[in-house]
Student: 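Below is the structure I would like to discuss, written out as structure tokens.
Throughout, protein chains are lettered first and strands after them, A, B, ... in sequence-line order, and every chain is numbered starting at 1.
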Amino acid sequence: MRKHYPKNLKKWQRFWEKEKIYKFNPQKKGKIFSIDTPPPTVSGKMHLGHAFSYTHLDIIARYQRMKGKNVFYPFGTDDNGLPTEKLVEKENKVSIFNMKRQDFVKLCQKTLKRIKPSFVQDWKDIGMSCDFDLGYSTIDKEVQKLSQRFFIELYEKKRIYQKETPTLWCPQCRTAIAQADLENKETETVFNDIIFKLENGKEILIATTRPELLSSCVAIFIHPSDKRYKNLIGKTAVVPIFKQKVKIYNDKGVDPKKGTGVVMCCTFGDTTDIEWYFVHHLPLKISINQDGTMTKIAGPFQGLKIKEARQRIIEELKKQGFIRSQKKIKHFVNVHERCNAEIEILNTSQWFIKYLDFKKDFLKMGRQIEWYPDFMRKRYENWVSGLRWDWCISRQRYFGIPFPVWYCQKCGEIRLARISDLPVDPLYSKPKTRCSCGSNRFIPETDILDTWATSSLTPKITIDLVKDEKTKKKLFPMSLRPQAHDIINFWLFYTIARSKLHFNKIPWKEVTISGFVLDPKGEKMSKSKGNVVAPQEVIEKYGVDVLRHWTAKASLGEDLRWNEEEIKASKRTVIKIWNAFRFSFMHLESFKKNNLIISNLEDEDRWILHLLEMTIKDYKVYFEKYQFKKSRETIDNFFWKNFCDNYLEIVKPRLYNNDVLKESKEAAKYTLYLCLFSIIKLYAPFMPYITEEVYQTFFRRLEKEKSIHLTLLPTINRNLVNPKIKEKFDNVIGIIGAIRKYKSEKKVSIRKEVNKLFIKSKNKEIKKYFNLIKSVMNIKSIKMKDKNVSGYFEVNSSIKIKII
RNA sequence: GGACGGUUAGCUCAAUGGCAGAGCAUCGCGUUUACAUCGCGGAGGUUAUAGGUUCAAAUCCUAUACCGUCCACCA
């Protein structure tokens with residue numbers, strides 16, 4: 001038998017794939033457990049955060065499978081839209097703005113083809129037990145078809161509209177974005193007090209961080225009850241440099257304490273400007289282009305980038321004496337989460353999904369779903385309550401799912417593709433019939449769909465991979481949506497929103513949210529900080545099972561700090577498993593599985609089997625609430641403390657000694673087998689590789705399933721639950737512990753023979769275990785004592801011992 | 001400014017009103033026929049602070065402080 005811990009465990013991955021161990025079989029009996037697996041965005045490599053949250057998910061999936069559920073567990077990748085484009089630009093060192101659309105799209109496809117296989121392999125390597133045959137990519141033809149069909153459906157339901165309106169805009173990526181794509185960034189900037197002159201020559205001061213927007217200034221606002229400026233309402237002021245005349249209005253939206261209490265309104269600096277623009281029917285003056293340069297109305301500053309223009313305009317203001325004072329401040333600005341560029345609000349024509357009127361329904365649906373942990377629901381509610389924009393789904397980019405839309409060149413009417421023609425790319429195809437105006441010339445829509453507009457359909461995408469209609473119905477709503485907390489506002493919310501819009505049903509019954517992996521100081525891991533730990537290296541150094549066992553140190557919703565000492569502890573557990581099984585099976589070589597004869601069991605067998613039953617019970621109770629951290633603790637504790645440290649030590653004399661009755665020896669072996677098989681099963685969701693190795697090496701000849709991962713978790717055997725034995729036997733464990741302590745304090749070896757042991761206790765039942773204690777602790781004679789003798793060790797309140 | 005989570009041993013975390021525990025680290029001991037990647041043992045606590053409820057509070061209530069996350073503010 002191999003002595004050393006087996007190294008080549010990766011072979012089991014091939015075994016599972018070849019034998020289709022994780023294949024979803026619609027015909028299989030048992031309740032279906034369907035999982036809306038997150039499709040990772042294809043990037044260079046899987047990072048540790050992925051390994052962490054996907055392992056959590058996989059632990060749950062494996063538990064459900066071993067409980068006998070028919071697990072529907074697909075695996076897809078998200079590979080279109082802005083994130084993919086950014087990756088392709090970086091990988092190939094190109095810019096989308098210097099390339100032809102066609103060439104860029106081809107490059108995207110080529111790059112994906114190159115990097116995707118090894119990217120997906122990372123997921124297989126962490127032991128994901130998905131049915132990889134239920135695979136998809138969000139750019140697949142079938143998915144395009146579905147996404148476009150759903151677009152048309154919503155359009156026909158009047159849930160989609162196109163509108164020219166102030167839109168969140170990323171000048172770096174040169175596209176519209178959605179509210180969810182925003183992030184906050186603290187930046188240092190200069191607050192400028194700028195002098196505006198009134199027509200009567202008087203001056204007012206306006207504080208602004210964005211003087212480059214002066215040419216867009218269309219009005220000035222003050223608070224109606226601000227006494228300082230009361231007489232200014234209705235007057236006209238002149239904008240410095242650009243000299244346009246603007247009216248002074250009052251509005252309660254002004255905060256008199258901020259800046260000078262006088263605000264300029266530009267189209268558009270922020271969301272308040274949009275509000276004022278509509279409420280006060282202000283003119284539109286656009287000074288920023290879609291590429292982040294200044295427009296014609298910026299006059300001499302035309303063509304400059306925003307920040308350059310700001311600098312130059314400040315200089316000019318100073319020169320002309322319009323700046324009273326300046327101070328540096330730190331404030332938060334909205335940036336695009338994909339590129340960190342400060343966003344603008346531009347008036348553009350975009351496609352929107354109308355859903356703000358459904359806020360209450362979204363909240364209601366959130367309450368119909370079970371959240372693990374429950375408090376994550378609050379984050380969702382917080383986000384839904386704060387929604388202010390309809391969902392902008394159009395992106396002015398190249399690589400993604402096209403809108404199935406054309407416009408009539410003559411009358412401008414919108415023409416949608418026919419469902420039967422999907423998927424279409426309007427750039428390369430045309431409507432088959434004329435427009436109602438008679439024209440047959442059409443202009444294609446060139447925008448692409450927001451990537452979330454497709455990934456929010458994963459429940460439908462994955463269920464459609466199954467062909468059998470009866471099964472499909474059983475799969476929806478899905479059982480579980482697992483994900484990390486960073487995309488509650490994105491993927492989770494959008495999926496609920498789409499489910500409301502299309503099906504008016506919750507998409508899943510339960511949601512589990514994992515946290516993040518942090519560096520040892522508790523900070524986020526990032527390349528720029530240089531504190532990134534690569535999961536591939538961890539796996540290389542310690543093994544997958546170790547990484548997986550470690551990730552279960554965190555509960556759902558909790559962050560976990562990277563700690564190599566803890567990884568080493570998990571490594572020890574894996575090695576301990578191997579050694580414990582190797583040792584045990586030395587004594588089980590000729591073991592045959594007959595019926596267990598309970599009357600043959602010794603008390604130590606009954607004791608460990610009782611503890612085993614309790615372990616199985618607790619393990620399952622915790623898992624049912626997705627508290628796999630506690631399930632892990634439960635099995636770890638049973639395995640190390642009860643089984644290895646105590647039971648194996650206690651049972652050794654019986655296994656080695658040939659004088660022992662045959663029945664007793666058989667009972668010991670049976671107990672061993674029962675414990676071992678249970679232990680390996682309880683560990684299997686956490687450590688799929690080593691448990692498979694152990695199963696194939698030791699159990700396969702006696703068990704019928706071809707993989708440990710096809711076995712069922714042990715069920716409670718009531719005949720083995722025996723609290724009375726536990727009570728009695730805890731005294732034995734206590735006495736053994738006291739003798740160990742004695743030997744440790746006397747600085748002698750545990751094996752060293754003890755001459756005499758006196759036990760003082762009213763409980764005479766302990767006598768029954770004298771022989772056991774003798775053989776385990778190497779003691780010559782044990783006697784009960786009634787008289788008080790000095791120098792006793794107290795084992796517990798009822799037992800004292802003295803060793804001579 | 002709003003919402004949420006947290007603060008317990010050196011570190012990471014348990015303990016759902018009833019004797020504050022575990023793993024790691026530390027220290028001491030031990031060649032014990034599965035495992036030195038091991039075993040046994042010791043030390044280590046005013047449970048963030050201040051009040052309150054209770055026979056009893058880490059746990060419930062109130063307030064404060066600090067840490068973290070999300071959102072809002074962006075003149």
Student: Please figure out whether A:Asn489 or A:Asp645 has its closest RNA chain B nucleotide nearer the 5' end.
Tutor: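 Checking each residue's closest nucleotide, the 5'-ward one belongs to A:Asp645.
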Student: Distance to the ring centre below 6.0 angstrom and angle to the axis at most 45 degrees; does that hold for A:Arg481 and A:Trp371?
Tutor: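 So A:Arg481 doesn't make the cation-pi contact.
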Student: Figure out the CG/P separation between A:Asn579 and B:G39, and round it to whole Å.
Tutor: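 Computing the A:Asn579:CG to B:G39:P distance gives 10 Å.
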Student: Between A:Glu203 and A:Arg324 (salt bridge meaning N to carboxylate O under 4.0 Å), is one present in this structure?
Tutor: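 Looking at A:Arg324 together with A:Glu203, the answer is yes, because their closest N to O distance falls below 4.0 Å.
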Student: Distance criterion of 3.5 Å, no angle test: do you see the side chain of A:Lys741 paired donor-to-acceptor with the base of B:C40?
Tutor: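 Check fails, no donor-acceptor contact within cut-off.
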Student: Scan A:Cys644 against the nucleic acid and name what it touches under 4.0 Å (heavy atoms): base, sugar-phosphate only, or nothing.
Tutor: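 Since a base atom lies under 4.0 Å of A:Cys644, the category is base.
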Student: Please state how far atom CG in A:Asn382 lies from atom P in B:G2, giving the value in whole angstrom units.
Tutor: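 In whole Å, B:G2 P and A:Asn382 CG are 12 Å from each other.
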Student: A:Thr272 near the nucleic acid: base, sugar-phosphate alone, or nothing, with a heavy-atom cut-off under 4.0 Å?
Tutor: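 Counting heavy atoms under 4.0 Å across all strands, the contact made by A:Thr272 is with sugar-phosphate only.
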Student: Do A:Arg379 and A:Asn382 meet the criterion of a side-chain donor-acceptor pair at a distance under 3.5 Å?
Tutor: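 Note: A:Arg379 and A:Asn382 side chains miss the donor-acceptor criterion.
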Student: Can you tell me if A:Tyr626 and A:Glu370 form a side-chain donor-acceptor pair at under 3.5 Å?
Tutor: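 No, A:Glu370 and A:Tyr626 have no side-chain donor paired with an acceptor closer than 3.5 Å.
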Student: In whole angstroms, how far is the C1' atom of B:U12 from the NZ atom of A:Lys521?
Tutor: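 Computing the A:Lys521:NZ to B:U12:C1' distance gives 17 Å.
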Student: Just to be sure I understand the rule, does A:Lys641 reach a base, reach only the sugar-phosphate, or reach nothing, if contact means heavy atoms closer than 4.0 Å?
Tutor: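 Counting heavy atoms under 4.0 Å across all strands, the contact made by A:Lys641 is with sugar-phosphate only.
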Student: How close or far is atom P of B:U69 from atom CG of A:Asn184, stated in whole angstroms?
Tutor: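 The answer, rounded to whole Å, is 12 Å.
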Student: Quick one: is the NZ or CZ of A:Lys652 closer than 6.0 Å to the six-membered ring centre of A:Phe583, and within 45° of its axis?
Tutor: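 Positive - A:Lys652 is close enough to the ring of A:Phe583 and near enough to its axis.
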Student: Stem finding on RNA chain B, please: runs of three or more consecutive Watson-Crick or G-U wobble pairs, both distances under 3.5 Å, sorted by first number.
Tutor: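 Paired runs of 3+ in RNA chain B: B:1-7 with B:65-71, B:10-13 with B:21-24, B:26-30 with B:38-42, B:48-52 with B:60-64.
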Student: Does any donor-acceptor pair link the side chain of A:Ser744 with the base of B:G28 at a separation under 3.5 Å?
Tutor: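 When only heavy-atom distances are counted, A:Ser744 does reach the base of B:G28 through a donor-acceptor pair under 3.5 Å.
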Student: Quick one: is A:Arg572 getting a side-chain N or O under 4.0 Å of the B:C38 phosphate, OP1 or OP2?
Tutor: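 For B:C38, OP1/OP2 do have a side-chain N/O of A:Arg572 under 4.0 Å.
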Student: Check every strand shown and say whether A:Val254 touches a base, only sugar-phosphate, or nothing at a heavy-atom separation below 4.0 Å.
Tutor: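 Contact class for A:Val254: base.
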Student: Looking for any heavy atom pair under 4.0 Å, which part of the strands does A:Asp486 touch: base, sugar-phosphate only, or nothing?
Tutor: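 The answer is nothing, as A:Asp486 stays clear of every strand by at least 4.0 Å.
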Student: Starting the side chain at C-beta, find the nucleotide from B:A14, B:C24, B:C70 nearest to A:Lys630.
Tutor: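 So the nucleotide nearest the side chain must be B:A14.
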Student: Please determine which of A:Trp578, A:Phe699, A:Phe591 meets the ring pair (Phe, Tyr, Trp, His ring centres under 6.0 Å) test together with A:Phe585.
Tutor: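 Single pass found, and it is A:Phe699.
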Student: B:U69, B:A72, B:G5: which one has an atom nearest the side-chain heavy atoms of A:Arg379?
Tutor: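 Taking heavy atoms from C-beta onward, the closest nucleotide is B:U69.
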Student: For a quick test of reading the model: is some side-chain N or O of A:Gln179 closer than 4.0 Å to OP1 or OP2 of B:A72?
Tutor: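 Checking A:Gln179 against B:A72: at least one side-chain N or O falls below 4.0 Å of OP1 or OP2.
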Student: Please work out if A:Phe191 contacts a base, only the sugar-phosphate, or nothing of the nucleic acid, heavy-atom cut-off 4.0 Å.
Tutor: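 The answer is sugar-phosphate, as A:Phe191 gets under 4.0 Å only of primed atoms, P, OP1 or OP2.
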Student: Among A:Ile680, A:Leu9, A:Val574, A:Ile59, whose side-chain contact (heavy atoms from CB on, under 4.5 Å) with A:Met687 holds?
Tutor: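 The residue from A:Ile680, A:Leu9, A:Val574, A:Ile59 that satisfies side-chain contact (heavy atoms from CB on, under 4.5 Å) with A:Met687 turns out to be A:Val574.
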Student: Nearest whole Å is fine: how far is B:G41 P from A:Ile739 CD1?
Tutor: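 Taking atom P of B:G41 as the reference, CD1 of A:Ile739 is at 12 Å.
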Student: Got a salt bridge between A:Glu344 and A:Arg210, using NZ or NE/NH1/NH2 to carboxylate O under 4.0 Å?
Tutor: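 Yes.
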Student: Please determine which of A:Ile736, A:Leu757, A:Ile735, A:Ile650 meets the side-chain contact (heavy atoms from CB on, under 4.5 Å) test together with A:Met777.
Tutor: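 Testing each of A:Ile736, A:Leu757, A:Ile735, A:Ile650 against A:Met777, the sole residue satisfying side-chain contact (heavy atoms from CB on, under 4.5 Å) is A:Ile736.
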Student: Scan A:Trp640 against the nucleic acid and name what it touches under 4.0 Å (heavy atoms): base, sugar-phosphate only, or nothing.
Tutor: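 Sugar-phosphate contact only - A:Trp640 comes under 4.0 Å of backbone atoms but never of a base.
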Student: Taking the basic N atoms (NZ, or NE/NH1/NH2) and the acidic carboxylate oxygens, is any pair closer than 4.0 Å for A:Glu558 and A:Lys553?
Tutor: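 Salt bridge absent between A:Glu558 and A:Lys553.
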Student: Using the C1' atom as the reference point in each nucleotide, state the distance between B:U49 and B:U8 in Å, no decimals.
Tutor: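 Nearest-Å result for B:U49 against B:U8 at atom C1': 15 Å.
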Student: Can you check the distance between B:G41 and B:A22, where both ends of the measurement are the P atom (answer in whole Å)?
Tutor: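 B:G41 and B:A22 have their P atoms separated by 11 Å.
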Student: Map A:Gly737 and A:Lys378 onto RNA chain B by nearest heavy atom, then report which one ends up closer to the 5' terminus.
Tutor: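 Nearest nucleotide further toward 5': that of A:Lys378.
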Student: How far, in whole Å, is B:C24 from B:A20 if one measures between their P atoms?
Tutor: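 One P to the other, the span is 24 Å.
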Student: Looking at the side chain of A:Lys576, which of B:A75, B:C38, B:U32 is the nearest nucleotide?
Tutor: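 Of all the options, the side chain of A:Lys576 is nearest to B:C38.
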Student: Please classify the nucleic acid contact of A:Arg377 as base, sugar-phosphate, or nothing, using heavy-atom distances under 4.0 Å.
Tutor: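 A:Arg377: no heavy atom of the nucleic acid under 4.0 Å.
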Student: How is A:Ala580 classified with respect to the nucleic acid when contacts are heavy atoms under 4.0 Å: base, sugar-phosphate, or nothing?
Tutor: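 Base contact.
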Student: Base, sugar-phosphate, or nothing for A:Thr271, non-hydrogen atoms under 4.0 angstrom?
Tutor: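 The residue A:Thr271 makes sugar-phosphate contact but no base contact.
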Student: For B:G18 and B:A58, measure between their P atoms and round to the nearest Å.
Tutor: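 To the nearest whole Å, 10 Å.
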Student: Using a cut-off of 4.0 Å on non-hydrogen atoms, how would the nucleic acid contact of A:Glu558 be classed: base, sugar-phosphate, or nothing?
Tutor: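 A:Glu558: backbone/sugar contact only, no base atoms under 4.0 Å.
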Student: Using a heavy-atom cut-off of 4.0 Å across all strands, would you classify A:Lys629 as base, sugar-phosphate, or nothing?
Tutor: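 Contact class for A:Lys629: sugar-phosphate only.
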Student: If only side-chain N and O atoms of A:His331 are considered, is one of them under 4.0 Å from the OP1 or OP2 phosphate oxygen of B:A75?
Tutor: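 Looking at the OP1 and OP2 atoms of B:A75, one of them is under 4.0 Å from a side-chain N or O of A:His331.
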Student: By nearest atom, which of the nucleotides B:C24, B:A75, B:C73 is closest to the A:Thr208 side chain?
Tutor: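 Shortest atom-to-atom distance from the side chain points to B:A75.
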Student: How far, in whole Å, is B:C60 from B:A56 if one measures between their C1' atoms?
Tutor: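 Rounded to whole Å, the distance is 13 Å.
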Student: Considering only the C1' atoms, how many Å lie between B:U59 and B:C19, rounded to the nearest integer?
Tutor: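 The answer is 15 Å between these two C1' atoms.
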Student: Reckon A:Lys747 touches a base, only the sugar-phosphate, or nothing at all at heavy-atom distances under 4.0 Å?
Tutor: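 If one applies the 4.0 Å heavy-atom cut-off, A:Lys747 turns out to touch the sugar-phosphate alone, with no base involved.
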Student: Base, sugar-phosphate, or nothing for A:Ser385, non-hydrogen atoms under 4.0 angstrom?
Tutor: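 Counting heavy atoms under 4.0 Å across all strands, no contact is made by A:Ser385.
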Student: Looking only at side-chain atoms of A:Arg740, point me to the closest of B:A75, B:C40, B:C73.
Tutor: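 My answer, after comparing the listed nucleotides, is B:C40.
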